[in-house]
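Single-structure report; data block below.
All values derive from a computational prediction rather than experimental measurement.
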Amino acid sequence: MALLSKKETDGDNEMATDFHFPTSKKALIIFTRNPELGKCKTRLAKTIGDENALEVYKFLLNHTASIAKVVKADRYVFYSENIKKEDLWDADIFRKKLQNGDDLGQRMQNAFLDLLEMGYEKVAIIGSDLLDLDAELVNNAFSQLDFNDVVIGPAIDGGYYLLGMKNLYHQVFKNKEWGTSTVLKDTLNDLQNCTVHLLKELNDIDTFEDMRDYEQLKKFHNIK
């Protein structure tokens with residue numbers, strides 16, 4: 001997932017405290033880093049340079065926004081550092097909040113808790129670094145929550161690209177080595193007493209090896 005980190009204060013961040021009345025029983029959380037040079041896709045930047053890595057990330061963000069627009073749910077973008085009123089996340093479509101917590105687990109837990117307490121019956125979170133993700137898959141994840149406690153989209157690297165639940169399972173967000181190949185396995189171990197549906201495995205884009213087979217990204221292949 002594409003996530004992190006500190007919070008800054010500016011006028012736009014006042015949107016973080018806005019109350020949004022649910023218009024659906026379902027809420028989609030999109031975790032995103034603010035797209036800033038040298039601060040995103042750092043593993044990818046080691047191969048193709050900071051500028052190309054930033055452009056790849058912007059490309060991925062636009063893809064994520066385009067599919068999320070047609071997901072049948074209320075949509076929330078949780079920014080890593082500061083909220084932007086005017087950006088690719090149309091404020092008429094996406095409700096905007098800040099991530100809150102000391103690590104990825106805390107930030108995800110707080111986001112789930114926030115929306116479940118607002119009255120949503122199903123909540124799912126996705127990252128913003130998958131070209132293979134589509135709206136049909138996300139809508140299917142919500143549908144699977146009719147029959148399962150938790151839905152997970154496994155990533156090829158051993159993590160997950162989607163997590164959906166109807167109730168908060170705190171253990172899922174604790175004692176994980178985030179960003180490593182053990183996250184999915186450890187998460188499933190935490191959910192042994194729950195019914196879990198696994199979606200199809202997808203590839204998230206963190207390194208040059210992850211992106212080199214995508215025709216859409218070949219224009220960013222310039223090696224530094």
Side-chain angles (χ1 to χ4, degrees), residues 1-8 10 12-13 15 28-71 75-91 93-101 103-104 107-108 111 124-135 137-138 153 155-163 178-181 183 201-224:
M1 286 188 170
L3 320 155
L4 285 182
S5 87
K6 66 178 181 178
K7 287 195 283 184
E8 296 179 357
D10 57 33
D12 289 1
N13 283 355
M15 296 174 71
L28 176 66
I29 298 169
I30 303 155
F31 259 31
T32 179
R33 292 179 188 267
N34 290 82
E36 299 177 3
L37 187 66
K39 294 186 178 181
C40 54
K41 292 296 165 201
T42 53
R43 282 189 284 171
L44 182 58
K46 292 177 181 177
T47 306
I48 63 173
D50 287 339
E51 292 185 2
N52 274 330
L54 177 59
E55 291 308 309
V56 168
Y57 188 51
K58 288 179 179 179
F59 190 92
L60 296 171
L61 289 177
N62 276 284
H63 171 75
T64 307
S66 69
I67 67 161
K69 286 177 183 177
V70 293
V71 170
R75 308 160 197 92
Y76 290 81
V77 178
F78 279 73
Y79 291 77
S80 62
E81 297 187 29
N82 49 72
I83 293 173
K84 298 296 184 184
K85 289 182 181 177
E86 303 296 333
D87 62 3
L88 69 94
W89 305 101
D90 185 343
I93 299 173
F94 297 98
R95 304 168 182 194
K96 303 188 177 189
K97 289 180 171 287
L98 278 178
Q99 296 172 31
N100 176 36
D103 64 12
L104 175 55
R107 291 192 297 276
M108 288 196 294
I125 187 170
I126 59 173
S128 49
D129 50 7
L130 291 104
L131 275 184
D132 295 331
L133 187 63
D134 58 39
L137 193 59
V138 179
I156 290 174
D157 64 6
Y160 55 78
Y161 61 86
L162 181 148
L163 175 67
W178 301 107
T180 71
S181 61
V183 171
E201 189 177 65
L202 296 184
N203 175 51
D204 55 5
I205 296 173
D206 292 315
T207 67
F208 181 71
E209 288 69 28
D210 295 332
M211 67 170 273
R212 64 182 175 185
D213 294 330
Y214 290 92
E215 191 66 33
Q216 314 95 299
L217 300 178
K218 288 188 176 177
K219 59 187 174 182
F220 306 118
H221 279 202
N222 298 357
I223 305 299
K224 65 176 183 177

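Under the 3.5 Å distance criterion, the side-chain polar atoms of Tyr57 are matched with a main-chain donor or acceptor of Arg33. Checking side-chain atoms of Lys41 against main-chain N and O of Ile205 turns up a donor-acceptor pair under 3.5 Å. At distances below 3.5 Å, at least one donor-acceptor pair connects side-chain atoms of Gln99 with backbone N or O atoms of Thr32. Judged by distance alone, with hydrogens and angles left aside, the side-chain atoms of Asp210 form no donor-acceptor pair with the main-chain N or O of Asn203 at under 3.5 Å.
A pairwise comparison of heavy atoms in His63 and Leu131 identifies NE2-O, 3.2 Å as the closest pair. Ala53 and Ile48 make their closest contact through N-CD1, 3.7 Å (heavy atoms, listed as atom of the first residue, atom of the second, distance). Scanning both residues, Val183 and Gly159, for their nearest heavy atoms gives CB-CA, 4.2 Å. Between Ser128 and Phe31, the closest heavy-atom pair is OG-O, 3.3 Å. Of all heavy-atom pairs between Thr64 and Asp129, the closest is OG1-N, 4.5 Å. A pairwise comparison of heavy atoms in Asn34 and Asn82 identifies ND2-O, 2.7 Å as the closest pair.
Here the CG atom belonging to Asn62 is positioned 8.0 Å from the CH2 atom belonging to Trp89, to the nearest 0.5 angstrom. The CD1 atom of Ile126 sits 5.0 Å away from the CD1 atom of Ile30 when rounded to the nearest 0.5 Å. To the nearest 0.5 Å, atoms CG (Leu202) and CD1 (Ile156) are separated by 7.5 Å. To the nearest 0.5 Å, atom CG of residue Leu28 and atom CZ of residue Arg95 are 12.0 Å apart. To the nearest 0.5 Å, atoms CG (Leu60) and SG (Cys40) are separated by 10.0 Å. The NZ atom of Lys97 lies 10.0 Å from the CD1 atom of Ile29; values are rounded to the nearest 0.5 Å.
Under the side chain to side chain donor-acceptor pair (under 3.5 Å) criterion, Thr180 pairs with Thr182, not counting sequence neighbours. In terms of the side-chain contact (heavy atoms from CB on, under 4.5 Å) criterion, Thr42 has no residue partners (sequence neighbours excluded). Scanning for side-chain contact (heavy atoms from CB on, under 4.5 Å) contacts around Glu51 gives Leu37, with sequence neighbours left out. Partners of Asp132 by side chain to side chain donor-acceptor pair (under 3.5 Å), not counting sequence neighbours, listed by chain and number: Tyr214. By the side chain to side chain donor-acceptor pair (under 3.5 Å) test, Asp157 pairs with no residue at all, sequence neighbours left out.
Each of Arg212, Lys218, Lys219 was evaluated against Glu215; a single residue qualifies, Lys218, per the salt bridge (Lys or Arg N to Asp or Glu O under 4.0 Å) test.
Pairs passing the salt bridge (Lys or Arg N to Asp or Glu O under 4.0 Å) check and including a residue from residues 54-66, sequence neighbours excluded, read Glu55-Lys58.
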Evaluate side-chain contact (heavy atoms from CB on, under 4.5 Å) for Lys69 paired with Phe94, printing each intermediate quantity in order. CA-CA 8 Å; Lys69 286 177 183 177; Phe94 297 98; 3.8 Å; yes
Decide side-chain contact (heavy atoms from CB on, under 4.5 Å) for Leu44 and Phe220; before the verdict, give the C-alpha distance in whole Å, the side-chain angles of both, and the deciding distance to 0.1 Å. CA-CA 11 Å; Leu44 182 58; Phe220 306 118; over 6 Å; no
side-chain contact (heavy atoms from CB on, under 4.5 Å), that's the test. Do Arg107 and Phe78 meet it? Break it down for me. CA-CA 9 Å; Arg107 291 192 297 276; Phe78 279 73; over 6 Å; no
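Side-chain contact between His221 and Phe208: present, with at least one pair of heavy atoms (C-beta onward) separated by less than 4.5 Å.
Between Lys96 and Asp87 there is a salt bridge, since at least one side-chain N of the basic residue sits less than 4.0 Å from a carboxylate O of the acidic one.
The aromatic rings of Tyr160 and Trp178 sit perpendicular, their planes meeting at an angle over 60°, well past the 30° parallel limit.
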